[in-house]
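One structure is given below, encoded as structure tokens.
What's counted below: heavy atoms across the whole structure, side chains too, no hydrogens, waters or symmetry copies. Per chain, numbering begins at 1; letters A, B, ... match sequence-line order.
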2 protein chains.
Amino acid sequence: MTAVPPHPTSADVARRAGVSRATVSYVLNNADHAISEETRSRVLAAARELQYAPNASARSLRAGRSNIVLVPVPEAPSTPGVDTVIGHLDGELTKRGLRMLLHGDRTAAGIQGARAWAELRPAAVYLNVRRGTRPAVALLRRAGVQAVLLGGVPTVPYAPCVPLDETAVGRVATRHLLDRGHRRLACLVPRGLPAAFAERRFRAVVETAQAEGASVERVDCDLTTDSLAAAVSRWRDPVRRPDAVYAHNDEFAIALIHTLHETGLDVPRDVAVIGSGNRPLGALLRPTLSTAHFVVPDIARVIASSIRRLLDGQGLDPDVATAVQPRLVLRESA
Amino acid sequence: MTAVPPHPTSADVARRAGVSRATVSYVLNNADHAISEETRSRVLAAARELQYAPNASARSLRAGRSNIVLVPVPEAPSTPGVDTVIGHLDGELTKRGLRMLLHGDRTAAGIQGARAWAELRPAAVYLNVRRGTRPAVALLRRAGVQAVLLGGVPTVPYAPCVPLDETAVGRVATRHLLDRGHRRLACLVPRGLPAAFAERRFRAVVETAQAEGASVERVDCDLTTDSLAAAVSRWRDPVRRPDAVYAHNDEFAIALIHTLHETGLDVPRDVAVIGSGNRPLGALLRPTLSTAHFVVPDIARVIASSIRRLLDGQGLDPDVATAVQPRLVLRESA
DNA sequence: GGGGTATAGTGACACGAGTAACCGGATGCC
DNA sequence: GGCATCCGGTTACTCGTGTCACTATACCCC
């Protein structure tokens, strides 16, 4: 391991171009400071030759902020679709001159996490409303974070919020089942996921159903043969069988349909099944899967645009409300 | 939006504790500098009361490096499992006092990307060997990045490398099919993925098979009914039918098995099928799916430990070689 | 020739933290 | 008493950048 020369600084560029460091700075940030075309090009040439890259630490120390948008993400991208939102978000933010950095948020909970994020002095932070408690937001604000944008429900008064409601897919799916005339529903409640997550979505389904006088059987299960078979076996008896099932997501829906077939029940004739997430496999296996899902690119776009607007002193993107509405994809299974 | 007070600095802590800023620094970094127990606790109390969080920019500017491990990730987590490696990696790095930040690498290609990463002056960068060209690594080194660790094959002479070979799962799966006596193989080559990715894995399968005198039919397809059905239809004729198929990954394997059943072919009696990735659904649908996969937690552990060791001036973790070997999960389909 | 103004460029300071060098006082040892 | 040593703490400099305030030259106009 030979000693490597240190990275060139703006002083090196200045020396090489035969000008002062201030001039280099003005040129490279093309500030509106009069600089002759000739020295400008000399500076640019020197920077290129030295492969100069400004030191982000020094820059954000001086500026008091960075161009970083920090996105704390949960350890496992368990929620299907969340990972893809983030993938799209990166591109959208880049278009707007910002740099997205992901940071696992499992390492520090509560206010500890906020403190860790604050250390980076990002320009903006986009995080789940559950993590964005009032003290956490206050801490980030004091740390100089200009835009703290929350995602999720319920919306809170102390920070702007993209009302991205994961339970909405459950509601939309349920409403479709009701529209088709089903009144005896069932809802899978996965054990593997964080309990509160599955629980909330179940409650949304129940509320939607009860408003129409429909019943909802609760089916706790996980993604194993035994678990699903046990749940399904008692549905052989038509009296105990629901008309339709909301399977929480497409993986469970596919597995459920498979298990129903093995039990001798047909989908959708005996039981209708609907999932959520719009996974590719759902369009492929027979019967093809009906599903409710978010329009990921639209959501990513309004989040990025809202962050940019907040940094520029404006409010949320007005398209937020429509972008967060889930869509239905109707195929054979329900 | 009311004006918020700026974030407290170490000077604020010093003022509150009635000591100098240097003392605060010594206490908070518990350097081996004699400080009385009494002032130490006064400083700690002041820091806690002010919710002081050090400014990472200032710290890394002064130190010339940060505790950041930057991991540029491709826009789409195309390789199933790569995303989960990263999830595990975060935890492993945190255990070792490092902070992982993910950065989309689609925004800037080639040396441009390296320059963007260099701006953050991370302590370490872990990136794919394809992105880690010689000039890119040299640039990072000159930018003060202490540890540049590459992942992937081929290994290169100019930087330490974790030889994580995505084609290895294909080889292991193929070897299993050969061991079972299959000599007429087929291999799915997905169109959706980056071409080179699918192509490399296909070639690995071909090489492994030819060494044993077996043939490999190439099946270009994507994850749609039409595409798979077209491929499978000509297999109704036993003369043209392969003994066994490597389906590239578990999603394709599940879809393929489904299509084969609809065509009237049984798995594994008529055709054996093996995937890779060890997805949960594979253990569930009938026939249960055989699959080759990487042991994600082990891989994450050796990567993290190697980064830590490189920062400490040591070499790669000696367990790297064994950790990157893929494992077979044998179930019903092959 | 004096005063105003635009142009091109420089000097110097601040941002927040880490740390080498220094300093006064108490203690120990011959 | 004289010298070294340890303790507890401070002063002052540094990292790389952005930018305010300033200088110097040239030009124009009354």
What is the minimum heavy-atom distance between B/Arg141 and B/Tyr158, and which atoms define it? NH1-O, 4.0 Å

How close or far is atom [atom2] of [N] from atom [atom1] of [X], stated in whole angstroms?
X	N	atom1	atom2	answer
A/Asn67	D/dT17	CG	P	15 Å
A/Asp32	C/dA8	CG	C1'	14 Å
A/Glu37	C/dA8	CD	P	10 Å
B/Arg40	D/dC7	CZ	P	13 Å
B/Ile35	D/dC6	CD1	P	17 Å
A/His33	D/dG18	NE2	C1'	12 Å
A/Leu28	C/dG9	CG	C1'	16 Å
B/Glu38	D/dC7	CD	P	18 Å

Can any side-chain N or O of [X] pair as donor or acceptor with the backbone N or O of [Y] at less than 3.5 Å?
X	Y	result
A/Asn29	A/Ala31	no
B/Ser60	A/Ser57	no
A/Tyr126	A/Leu149	no

Interface polar pairs with nucleotides 11-17 of chain C, N/O, under 3.5 angstrom:
{"residue": "C/dG16", "atom": "N2", "partner": "B/Ala58", "partner atom": "O", "Å": "3.4"}
{"residue": "C/dA17", "atom": "OP1", "partner": "B/Tyr52", "partner atom": "OH", "Å": "2.7"}
{"residue": "C/dA17", "atom": "OP1", "partner": "B/Asn55", "partner atom": "N", "Å": "3.3"}
{"residue": "C/dA17", "atom": "OP2", "partner": "B/Ser10", "partner atom": "N", "Å": "2.5"}
{"residue": "C/dA17", "atom": "OP2", "partner": "B/Ser10", "partner atom": "OG", "Å": "3.3"}
{"residue": "C/dA17", "atom": "O5'", "partner": "B/Tyr52", "partner atom": "OH", "Å": "3.4"}
{"residue": "C/dA17", "atom": "N7", "partner": "B/Arg21", "partner atom": "NH1", "Å": "3.4"}
{"residue": "C/dA17", "atom": "N7", "partner": "B/Arg21", "partner atom": "NH2", "Å": "3.2"}

For B/Glu38, check side chain to side chain donor-acceptor pair (under 3.5 Å) against everything at least two apart and list the hits. B/Arg42

Would you classify [X] as touching base, sugar-phosphate or nothing, given that sugar-phosphate means primed atoms plus P, OP1 and OP2, and contacts are heavy atoms under 4.0 Å?
X	answer
B/Ser36	sugar-phosphate
B/Thr39	sugar-phosphate
B/Val19	sugar-phosphate

A/Arg16 with A/Asp12: basic N within carboxylate O range, under 4.0 Å: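 Salt bridge between A/Arg16 and A/Asp12, a charged N being under 4.0 Å from a carboxylate O: no.
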
Side-chain ion pair, A/Asp312 and A/Arg309, N-O less than 4.0 Å: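 Salt bridge absent between A/Asp312 and A/Arg309.
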
